[in-house]
S.K.: 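Below: one structure in structure tokens.
Whatever order the structure lists ligands and atoms in, that order sets their numbers, starting from 1. Worth saying up front: this structure is predicted, and the values here are computed from it rather than measured.
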Amino acid sequence: MNVEKIMQDLTAKHSNEPEYLQAVHEVLESIVDVYNANPQFEKAKIVERMVEPDRVFTFKVSWVDDNGDAQVNIGYRVQFNGAIGPYKGGIRFHPSVNLSILKFLGFEQTFKNSLTSLPMGGGKGGSDFNPKGKSDGEIMRFCQAFMLELWRYIGPETDVPAGDIGVGAREIGYMYGMYKKLAQEHTGVLTGKGLNWGGSLIRPEATGFGGVYFVDHMLKTQNIDIKGKTVSCSGFGNVAWGAALKATELGAKVVAISGPDGYVYDEAGISGEKINYMLELRNSNQDIVAPYAQKFPGSKFVAGKKPWEVKVDIALPCATQNELNGDDAAALIKNGVICVGEISNMGCTPEAIEAFQKAKVLFAPGKAVNAGGVATSGLEMSQNSLKLNWTREEVDVRLKQIMENIHIACVKYGKQADGYINYVKGANIAGFLKVASAMLDLGVV
Ligand code: 2IT
């Protein structure tokens, strides 16, 4: 494989899709040696076939707002790679959603789902709909209109969407209600469902919990105890919430957390009722963290800045792609950061990753660190198929085991001669090998 040549060809075809090209480039660079070591891959054009989605659906979503005015958005579903199981991956509602974002997410999802060891292919979907400031009725009508189109392309054995940015339990509920009505069946066609209608315990917390389990394994490779370590998180959605809860439970102290308006620094630690308040702010659909500092004296709100300027031992990007750049990485390194666990998808820019690796900071990519979310979605699918509900403990034990196994796989393929673990390489190679060998077994299809 000639990485530069493949990238040139892809760039010529998809020049307006920078996030997608970024995600592909990172993977190709990591796998080039194992790829070239097996001539069967080249003969079957595995890479050329893997970088293109199996298929992409786009559709118009028309709905009526509270003023009685018609609104139009674009909906998408990208079925990226189905070699190892039904397409699986979230739905994102955010004004920034376009094909580049969804193709990067679907591509990453393919490797992430492979790492979980569960039988799930990669997919992603969403819309440029902006949920901010919308009433509950508007959210419901939009979700129903979105599903009115999407339902033709999905199914419990073909493609199983879930939530992502802007899509939580409420949106999954409205979409599931419409799917059930159209398909006339109650099945595991979506994950992240409510507990009363087929959901799994721990799913809401799973991405954050799994992320912190993974970070704990990273620290243990250096005999470092997470207890007493300071943590910063970006984002105050479900993911940051789960991460803050678990980090606190394991004895770490979350001192900074952020929203789009800036970040809050709280030396006493963001735990207990403070985490609940964060959730309340999020649920109020305001996208702001500023009121936190007013409510909890001793904490400080820093407007318009990201939390990466705060001195911490562990940094956890939990918001969105490319949210931590080279300058942010330099600031964290200068302040002695020990470990950076990407819980958002592609949260760090290539410059930031390079800086962490050069400084030998423990760094692991989203497709490994945040895989606990989709893994628990996989466990929800298993429970739906079995028509059983597992207890919290049963789900948590499985989630922990999956995260440990992903860590073992990253070490296996990412450990360098000097002992430093290149988790980017490890995750990409481990994720790639399973999908690639499945594609070889299945023939050119
Ligand atoms: O990025 C992700 O892994 C998710 N948004 C969760 C996907 C899923 O199917 O649970």
S.K.: Please list, in number order, the atoms of ligand 1 under 4.0 Å from a heavy atom of K112.
M.R.: 1 (O), 2 (C), 3 (O)

S.K.: What atoms in ligand 1 come closer than 4.0 Å to a heavy atom of A162?
M.R.: 8 (C), 9 (O), 10 (O)

S.K.: Suppose I only count heavy atoms of Q109 and a 4.0 Å limit; which atoms of ligand 1 are within that range?
M.R.: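 In order of number, 1 (O), 2 (C), 3 (O), 7 (C).
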
S.K.: Is the shortest distance from a Lys or Arg side-chain nitrogen in K400 or D396 to a carboxylate oxygen in the other one below 4.0 Å?
M.R.: yes

S.K.: Among protein heavy atoms, which sits nearest to atom 7 (C) of ligand 1, and what does the distance come to when rounded to 0.1 Å?
M.R.: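 In this structure, atom 7 (C) of ligand 1 has G90 N, 3.5 Å as its nearest protein heavy atom.
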
S.K.: Is there a polar contact between ligand 1 and N345, counting only N or O atoms under 3.5 Å apart?
M.R.: yes

S.K.: With respect to atom 6 (C) of ligand 1, which of K88, K124, E108, R203 exhibits the smallest heavy-atom separation?
M.R.: R203

S.K.: Give the atoms of ligand 1, by number and element, whose distance to some non-hydrogen atom of D164 is under 4.0 Å.
M.R.: 1 (O), 4 (C), 5 (N)

S.K.: To the closest 0.5 Å, what do you measure between CD (E351) and CG (D328)?
M.R.: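 It is 11.5 Å, given to the nearest 0.5 Å.
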
S.K.: Does the distance from a Lys or Arg side-chain N to an Asp or Glu carboxylate O, for E309 and K306, drop under 4.0 Å?
M.R.: no

S.K.: Tell me whether the count of non-hydrogen atoms from other residues, nucleotides or ligands lying under 6.0 Å of NZ in K103 goes above 12.
M.R.: yes

S.K.: What distance separates L245 CG from M278 CE, expressed to the nearest 0.5 Å?
M.R.: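 Between atom CG of L245 and atom CE of M278 there are 8.0 Å.
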
S.K.: I need the atoms of ligand 1 closer than 4.0 Å to a non-hydrogen atom of S377, numbered in the order shown.
M.R.: 8 (C), 9 (O), 10 (O)

S.K.: Once rounded to the nearest 0.5 Å, what's the spacing between atom CH2 of W308 and atom CG of N325?
M.R.: 11.0 Å

S.K.: Salt bridge or not between K246 and E205? Use side-chain N to carboxylate O under 4.0 Å.
M.R.: no

S.K.: Run the contact test for G378 against ligand 1 with a 4.0 Å cut-off on heavy atoms, strictly below, and give the result.
M.R.: no

S.K.: May I ask you to check whether V160 has an N/O atom sitting below 3.5 Å from an N/O atom of ligand 1?
M.R.: no

